[in-house]
Every structure is written in C-alpha cells, then in structure tokens.
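One structure is given below, encoded as structure tokens.
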Number of protein chains: 2
Amino acid sequence: MDEPAVGRTRVAMVMATIRQRIAGRSLTAGAKLPSIRGLAGTLKVSASTVVEAYERLVAEGAIHSRPGSGFFVASQTAPLSLSEIGPRLDRAIDPFWISRQSLEAGPGDLKPGCGWLPPAWLPEDSLRRALRSVSRADPAVLSEYSSPLGLPPLRQLIARRMAERGMEASPDQIVLADSGTQAIDILCRFLIEPGDTVLVDDPCYFNFHALLRAHRARIVGVPYTPTGPDVALFAQALAEHRPRLYITNSGIHNPTGATLSPVVAHKLLKLAHQCALTIIEDDIFADFEPLPGARLAAYDGLDRVIHIGSFSKTLSASARCGFIAARRDWIEGLTDLKIATSFGGGRLNAELVLRVLSDGGYRKHVETLRSRLAKARFEVAAKLKAMGIMPWIEPQAGMFLWARLPDGLDAADIARAALARNVVLAPGNAFSLSQTATNFLRFNVSQTSDERIFDVLRAVLAQARDGGA
Amino acid sequence: MDEPAVGRTRVAMVMATIRQRIAGRSLTAGAKLPSIRGLAGTLKVSASTVVEAYERLVAEGAIHSRPGSGFFVASQTAPLSLSEIGPRLDRAIDPFWISRQSLEAGPGDLKPGCGWLPPAWLPEDSLRRALRSVSRADPAVLSEYSSPLGLPPLRQLIARRMAERGMEASPDQIVLADSGTQAIDILCRFLIEPGDTVLVDDPCYFNFHALLRAHRARIVGVPYTPTGPDVALFAQALAEHRPRLYITNSGIHNPTGATLSPVVAHKLLKLAHQCALTIIEDDIFADFEPLPGARLAAYDGLDRVIHIGSFSKTLSASARCGFIAARRDWIEGLTDLKIATSFGGGRLNAELVLRVLSDGGYRKHVETLRSRLAKARFEVAAKLKAMGIMPWIEPQAGMFLWARLPDGLDAADIARAALARNVVLAPGNAFSLSQTATNFLRFNVSQTSDERIFDVLRAVLAQARDGGA
C-alpha cells in the first residue's frame with residue numbers, strides 16, 4: 001500500500017516474468033525457481049524486489065517455499081487447459097481455432113480453412129465396396145482386437161508403398177495407430193520428457209503446437225523456406241536449444257504446400273546425426289504427390305528418422321488408420337505404449353483401409369485426385385490473386401495455398417469477420433509459433449470452389465480496409 | 001577399494017534407494033534430491049556415506065550436481081520404457097504380460113486369461129447389418145471426421161442408457177473417445193501432472209498400472225474387498241498420500257468380479273469430497289449386469305466422479321468406441337485434449353455402434369449373454385474347485401473368476417508353464433501393485449470351455465507340485 005509506485009511496478013514485472021515461465025512451461029510443477037540473487041541480477045532489480053514478488057506468488061499459491069532449499073513451482077491445481085474457452089465467435093485464435101471451427105462447421109458453413117477433402121473427392125465407391133466386403137468377413141474381423149502391431153497384411157502393404165518411395169522398412173518395423181496424430185502422440189511419449197525441447201517448422205501444422213503442449217514440451221520454431229527449413233537457423237537452433245526431436249512434413253508441407261529439396265534433406269540429416277536429434281517425418285499427404293519427392297526416411301534408412309503416415313487425407317477420415325515406421329529396436333517399446341494408452345487397436349478400420357488400398361480403383365482415384373487438385377490450385381490461385389491475396393509459392397502438389405493478404409491486413413480479423421458470415425478460414429498465426437504469419441491465410445483449394453467464399457472474402461476485405469470490425 | 005566392507009554396503013544401499021525412487025518416479029527428471037544431511041538422518045547413515053553415494057550416482061549419469069543448489073535427477077536419455085523386452089516365453093510378468101500374450105495368441109492358442117469374449121459370443125448378425133447399413137449411408141458418414149464431441153445421436157443414446165442406471169448426464173456432458181482406454185488416457189492428461197499420486201484397487205485391471213506409468217504418476221494401491229475397496233485403508237491412503245485421482249471399476253470389478261456395495265460407495269464419495277479427490281469410474285462391463293448395481297456417478301451426479309464406458313466387451317472390440325461423461329465445465333478442456341492428441345475421432349466406429357445399439361437385437365443379445373455367462377461361471381467354477389483352484393467369491397455377473405491356486409503355488413510359474421503349452425493364463429501379480437496376488441489367476445469363463453485348458457492346468461499343477469520348472 002505504502003510502497004513507492006516504481007517498486008510496485010518492478011515487483012509486478014518480476015511476478016509476470018515468473019507467471020509467464022510457468023504458463024510457457026519453461027518452469028514446470030515442482031521446478032526450483034531461480035535464486036533470489038540470480039533473478040535480481042538477470043532482471044536488473046534489487047534482491048528485495050524479487051523477495052517481495054516471490055512472497056506474493058506464494059500467497060497466490062503459484063509457488064511455495066521450502067525453508068532452506070528455495071522456492072518451487074506449486075503443483076498445478078487446476079486441470080491442464082490447452083486453450084482459452086469461450087463461445088464460438090469469441091474464441092481466441094489459438095492452435096484449436098481452426099480445428100474446432102472446421103470440425104464444428106454445420107452443413108451450411110463453407111470451410112476453405114479446413115484441412116481435408118470434401119466427401120465427394122474421396123473414393124466413395126471403394127469405401128462402400130470395402131464395407132460390404134467386411135460385412136461378409138470372418139467373425140474375428142467384426143469383433144476382435146487387433147494384434148499388438150496391427151493387421152499384418154496392411155503392414156506388408158504399407159512396407160511396399162514405402163519401398164515405392166525409396167524407403168526401406170520391413171513390416172515388423174511398422175506399427176499401426178488409430179491415426180497419424182495418435183502415431184505422433186505415441187512417439188512423443190516414447191521420445192520426450194516434460195520440459196524437453198522440440199523443434200517445429202514456423203509455420204507448421206497448428207496441431208503440432210497443441211500436441212506438444214499436451215506433452216509439456218518446450219517448442220522452438222525454425223523459419224520455413226520454399227525448399228524446407230532454413231538450414232542455417234536450424235543449425236543455430238540445434239546449438240542453442242539442444243532439442244531432442246524435430247517434427248516436420250517433408251512430402252508436402254502444411255500449411256505452405258512447399259516440398260523439401262534433396263539438398264536441404266541431406267543437410268538436415270547431417271545436422272541430426274551430429275546433434276543426436278531424432279526426426280519425425282509426418283508424411284500424411286504422400287498420396288497427393290505425382291512424383292515422390294525427397295524423404296528423410298529414404299536417405300536415413302530409419303536410423304534417426306521415424307516415418308509416420310495415415311489415410312485420412314486421401315481415403316477416409318471416418319475410418320481412421322495411421323502408422324509408425326521406426327527402428328526395429330524401438331518397436332517393442334512403442335507397442336507397449338500403444339497398448340498402455342489405447343490397448344489393442346481397432347481392427348475394423350485397418351481392414352477397411354486394407355481393402356480400399358488393395359482395390360484396383362484406389363490408384364485410379366489418387367491419379368484423378370492429383371489432376372483435380374492441380375486444376376483447383378490453379379483456379380483458386382488465380383481468383384485470390386485477382387483480389388490481391390498472393391500465394392507465397394505455387395505448390396507442386398496437395399490441397400494447400402499459403403497466401404498473403406493485401407495491405408497488411410490482419411488474417412485473424414478477417415477470419416473472425418468471415419466466421420460471422422459462416423465461412424471458416426485458417427488464419428496464419430495459428431500455424432506460427434513466432435506469430436509472424438499475421439497476414440497469411442491457408443486455403444484448402446478442394447474446399448474453395450463455392451463463389452460465396454469469394455463474395456465473403458471481398459466483403460470482409462473491404463470492411464477491414466474501411467477499418468470496420 | 002580400501003574402504004571398509006560395511007561402508008561399501010551402506011553406500012550401495014543409499015544408491016539403491018535413490019535409484020528406486022527414480023525408477024518409481026517419486027523422483028522425476030530435474031527433481032532435487034534430498035539434502036545430504038536430511039537423507040543421512042532418514043536412512044540412519046553418515047553424511048559422508050550419502051556424499052559418496054551421490055558422487056557415484058553423478059559418475060553414473062543418474063543425477064547431476066548444480067554447485068550451490070544441490071543434486072538433481074538427470075534428464076532421461078534413454079526412451080521411456082514401460083517394461084522389459086524379451087522373447088515371448090522369457091518376458092517378465094509385468095503389466096503387459098497378459099495383454100501382449102492374449103493379443104498375440106495364434107488361432108491354435110487357448111486364452112482363458114484374456115479379457116474379452118470370443119467372437120461367437122458377440123452380436124455378429126447385428127454387426128453385419130450395421131456394416132451393410134453404413135455401406136449405404138451418406139458420403140459424409142463414410143469419409144468425414146466426427147464433430148469434436150462425437151456423433152450426437154450416439155451421445156444422446158449413451159445419456160439415455162446412463163439414465164436407466166440412475167446417472168444423470170446430458171448429451172453435451174458426453175465426449176466420445178476411440179476406446180475406454182483412450183477415455184482414461186485423456187482424463188489422466190487432463191487431471192494429473194507427472195509425479196501426482198493416483199489410487200488404484202489392489203488388485204486392479206493391469207493396464208491401469210501401465211497407463212499410469214506412461215503418465216509418470218505415483219501409484220498407490222488400496223486392498224479390494226468383495227464389496228469394494230477397504231474403506232479404512234482407503235481413508236488412510238488419502239491422508240498419507242494425498243492422491244489427486246482414484247481409478248476403479250464399480251460395476252463389475254476387474255479382476256475379482258466383485259460388485260461395489262451402496263454403503264461402500266457412499267463412504268468413498270464422502271471421503272472423496274473431504275479430500276478433493278476426483279474419481280474415474282470405469283464402467284466398461286455395464287451391459288453384463290442383469291440388475292444395475294451401485295454407481296458412484298449416480299450418487300455423486302458427476303461432480304467429483306467421471307464416468308467412462310465403452311462397447312468393446314459386449315458389442316465389438318474391432319469397431320472400438322468409448323466415452324467420457326463428466327462435469328460440464330470440463331468438457332471443453334477434455335475436447336481440446338482429445339483433438340490435440342487424436343484430432344477428430346473416427347466417425348465410422350461410432351456410426352456402427354449407434355446402429356447396433358439401436359437395433360432391437362442388442363437388448364436380446366445382452367440378455368442371452370448374461371445367462372450364458374452365468375452358466376459358464378457356474379461350470380468353470382465347479383471344474384476349478386474340483387482341481388483345488390478356489391474362486392475368491394462367486395461373482396454376480398461378468399466373465400471373470402478370481403481364483404486361488406492350491407498349495408501356495410506361484411501363478412507366474414504356472415502361467416509360464418501353461419504358455420509353453422499354448423494356454424495364455426492371467427497371473428495374479430500382473431493385477432497387484434503390492435505383488436500380493438502370487439497365488440491367484442484370473443479366469444475368463446467365456447474363454448475357458450475347452451477341455452484342453454483343464455488338461456493343461458492339471459499337467460502344469462502336477463509339474464509345479466513336483467518342483468519341475
């Protein structure tokens with residue numbers, strides 16, 4: 001009450017610093033706080049300011065003191081919350097914004113921001129045939145758990161598909177998962193401890209941020225270029241942060257649509273070997289590529305690289321099935337973790353995926369899909385350019401265009417305004433750890449054919465230029 | 001080399017104590033070790049003994065010192081391993097023993113130790129009808145992700161089923177999961193921090209141990225009685241360990257087949273309220289009960305109790321689908337975690353489960369199942385008793401008999417010997433945190449009809465009595 005204003009501000013600043021470290025998980029529950037003298041030195045405040053700040057944080061219950069040994073972060077008493085909670089339109093633009101808005105979209109909503117194809121673009125007839133085939137299968141197919149690694153013929157087929165892309169993996173190095181996301185989740189459990197540092201691309205798939213937060217990892221971003229991560233900054237991040245893991249898409253990068261070049265791939269692997277870095281290569285867009293590009297797992301031979309994939313993007317997101325291909329000596333441990341956290345996998349989805357992939361129609365389906373996507377990328381890019389929304393690159397494959405708004409407009413404002421008109425967009429900063437993609441939007445060209453989307457875009461752009469909310 | 005033998009032993013004892021705390025995760029990576037003086041006092045050794053032990057642990061890389069602040073547990077460098085790895089017959093009897101052996105069993109193997117019904121006991125015709133129905137459904141059903149909470153009509157149906165058992169939950173308090181195990185996994189992520197203490201029953205479903213280890217929880221067991229956990233010891237464990245969470249089966253307890261009594265249920269809830277304990281009630285065996293027994297969620301109204309269920313045991317383990325029913329204010333956070341770690345759930349399995357549950361045949365199926373299980377329990381119990389293997393209780397429902405071997409025989413030895421003869425048994429200590437179920441086996445009566453099982457049991461019992469391996 002009677003302390004001088006400056007002292008009060010400094011105490012608040014120290015408290016804010018500590019709270020931020022706790023929120024950002026650079027200080028986790030039970031961790032020791034910096035010593036009073038140490039923090040005073042770092043923050044250029046007096047020791048008594050730090051003492052005061054620590055005592056107030058103790059009073060708040062954020063930290064506690066153990067006489068003689070120092071101050072420690074309190075156990076979290078509130079349940080882990082990964083994001084702010086609020087009604088649809090008020091929701092913060094966080095890693096969940098796009099997933100929640102896209103998954104919750106009603107039939108009347110348009111969703112150029114979502115990350116999947118419309119049902120009409122997926123192999124409907126093959127799926128129906130596969131379901132009829134399973135409806136006549138052995139009783140075990142209908143009602144039993146999978147074997148621990150998952151359906152053997154599907155693992156064999158995945159090994160053959162990987163071989164076609166230059167990756168050698170035997171079926172006993174492949175573990176099926178319920179989805180690509182679950183595959184990465186199991187790997188994070190296997191490979192990282194709370195507090196470990198993980199590298200991601202900036203920008204990257206927004207759910208990597210959410211997933212890594214759930215693992216209490218420290219996340220460090222490396223800027224992404226049209227040929228892969230910036231190698232010099234990647235090397236610098238390795239030296240500075242000593243990360244255990246790097247998660248990336250090499251086939252077609254989400255959200256930029258870029259393709260990793262062989263030169264960058266080799267440089268990354270060299271660095272990974274030097275620094276004992278493990279890499280998860282998330283290849284869920286593999287089937288979009290007309291010609292297979294560089295794969296880290298192909299050069300590395302599944303030594304430091306773990307390859308994961310799924311069929312949600314080109315086959316079905318309803319019958320989900322993913323896989324992990326990894327070093328042989330990690331398979332037992334990964335399988336134990338899979339059993340511990342999900343028991344035997346669902347056999348049915350694997351049986352359906354196996355049937356669709358073995359169906360002569362699937363290869364034809366992906367060929368049609370590639371042409372259709374190429375045409376849509378061209379058309380959507382032209383329409384966006386005409387409005388001043390400029391694609392960052394012209395992707396060689398896939399469904400995404402990463403595009404910059406004109407006039408420094410803020411994509412979060414545009415996305416909120418579009419959502420009020422029932423159009424779900426994907427604002428750039430949801431993908432950017434450094435929050436430097438303020439002016440970008442990710443467009444899914446397969447979901448951007450409706451003229452109403454462009455009408456809404458024109459309207460909200462005009463409104464934003466006029467300074468309206 | 002030149003130190004006295006007693007000193008060497010004491011140093012080793014201190015080192016073993018610390019290693020044990022690290023292995024048991026009461027000391028986790030980065031945690032501060034007890035002060036030298038403090039530990040010396042606790043273990044009744046000299047300070048120099050502790051210094052020597054700490055220095056050797058530093059040399060081993062298990063801990064490190066930070067000058068001026070003490071000793072800390074090193075970051076784990078090897079990947080998280082939940083169990084020992086080895087060939088089938090050599091595998092340690094750990095929480096994975098039964099799951100791996102059961103899931104890996106070939107068609108020629110008999111598995112009275114497994115935790116599920118044979119395919120012929122499940123509603124095969126309803127499943128085939130449901131698959132045919134889905135094969136004719138809208139394209140969105142075949143190929144789209146679920147909404148974040150999961151298929152609304154299935155959540156409504158689950159709310160009605162819960163109401164029939166006296167539990168009030170609105171459909172917007174229900175989140176679908178890929179399985180009952182995944183439901184508990186999401187809840188552990190939401191509710192506990194690494195190092196938090198969780199209570200389980202002793203014995204309990206073995207996978208609770210594996211799952212909680214994956215969450216780096218401290219696990220404390222409370223002895224289970226034929227009417228629920230021992231209330232006095234439960235209260236004592238609350239006072240002593242201040243757990244955040246208790247995980248139990250209340251409907252039909254796994255592995256004992258016991259049923260929670262209303263009196264014990266009320267006492268548990270009273271204690272839970274006094275100690276701010278959250279309870280996960282795992283009710284995956286609900287449909288086995290002819291008359292619904294006491295449910296913690298029914299008495300508590302989903303305040304401190306979270307109710308989870310699945311359909312893997314009575315409908316299909318191939319088309320897996322589980323659910324969480326919880327406090328309304330936790331649903332957003334749980335859904336975010338589900339999306340972060342598995343994105344949108346698989347819609348297809350939920351659509352199939354909805355069709356089977358809505359099918360007039362399902363009610364008939366569970367009625368037949370209950371009679372069939374009652375008959376099998378009676379028959380298997382009689383045969384076991386005739387061999388001197390005595391059921392602990394006569395369960396009112398379900399597929400399990402928890403039975404004690406004669407003559408103090410060790411169930412792990414019996415299980416290993418039976419496995420060599422292609423019979424998968426479930427040895428008691430896999431379920432027991434305190435390892436006090438050495439003489440028990442869990443029998444699944446639906447998988448124990450084959451006479452060869454009793455032949456093998458007789459042979460391995462005789463062999464064990466003769467002292468043979």
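Every chain is numbered from 1 and lettered A, B, ... according to where its sequence line falls, protein lines coming before strand lines.
Inter-residue side-chain proximity for B:Arg320 and A:Arg347 is flagged as unmet; no heavy-atom pair is nearer than 4.5 Å. Put simply, the side chain of B:Thr181 does not reach to within 4.5 Å of the side chain of A:Ile339, judged on heavy atoms. Residues A:Leu142 and B:Ser318 are not in side-chain contact: their nearest non-hydrogen atoms beyond the backbone lie 4.5 Å or more apart. Contact of the A:Arg132 side chain with the B:Arg132 side chain is not registered, since no non-hydrogen atoms from C-beta on lie closer than 4.5 Å.
Taking the ring-ring contact (aromatic ring centres under 6.0 Å, His included) definition, one finds that B:Phe311 meets it with nothing, sequence neighbours left out.
The aromatic rings of B:Tyr205 and A:Phe343 lie tilted to each other, with the angle between the two planes from 30° to 60°.
B:Asp185 approaches A:Arg189 most closely through the heavy-atom pair OD1-NH2, 2.6 Å.
At a 4.5 Å heavy-atom cutoff, the contact between A:Lys313 and chain B is made by side-chain atoms alone. Both the backbone and the side chain of A:Ser69 come within less than 4.5 Å of a heavy atom in chain B. Contacts of A:His215 with chain B are made by side-chain atoms alone, with heavy-atom separations under 4.5 Å and no backbone atom involved. Proximity to chain A (any heavy atom under 4.5 Å) is shown, for B:Ser35, by neither the backbone nor the side chain. The contact between B:Leu127 and chain A is made entirely by side chain atoms (from C-beta outward), counting heavy-atom distances below 4.5 Å. Neither the backbone nor the side chain of A:Ser102 comes within contact range of chain B; no heavy atoms are under 4.5 Å apart. A:Leu352 touches chain B through its side chain: at least one heavy atom from C-beta onward sits under 4.5 Å away, while N, CA, C and O do not. The contact between B:Ala137 and chain A is made entirely by backbone atoms, counting heavy-atom distances below 4.5 Å.
For B:Arg128 (side chain) and A:Ser135 (main-chain N/O), a donor-acceptor pair under 3.5 Å exists by modelled atom type. Within the 3.5 Å criterion, the main-chain N or O of B:Leu122 finds no donor-acceptor partner in the side chain of A:Ser143.
Between B:Ser342 atom OG and A:Leu211 atom CG the span is 10.0 Å, to the nearest 0.5 Å. With rounding to the nearest 0.5 angstrom, the OG atom of A:Ser133 is 10.0 Å from the CG atom of B:Leu131.
Between chain B and the residues A:Glu124, A:Glu144, A:Gln182, A:Glu351, the most heavy-atom pairs under 4.5 angstrom are made by A:Glu144. In terms of heavy-atom pairs under 4.5 Å with chain A, the best-connected choice from B:Ser316, B:Ala317, B:Ala130, B:Ala319 is B:Ala317. Put simply, of B:Asn349, B:Leu315, B:Thr341, B:Leu117, the one with the most heavy-atom pairs under 4.5 Å next to chain A is B:Thr341. Per-residue heavy-atom pair counts under 4.5 Å with chain B were compared for A:Gly346, A:Ser312, A:Pro148, and the maximum is reached by A:Pro148. Most heavy-atom pairs under 4.5 Å with chain B, from the set A:Ser146, A:Pro194, A:Ser147: that is A:Pro194.
Salt bridge annotation for B:Arg100-A:Asp336: present, with a cationic side-chain nitrogen under 4.0 angstrom from a carboxylate oxygen.
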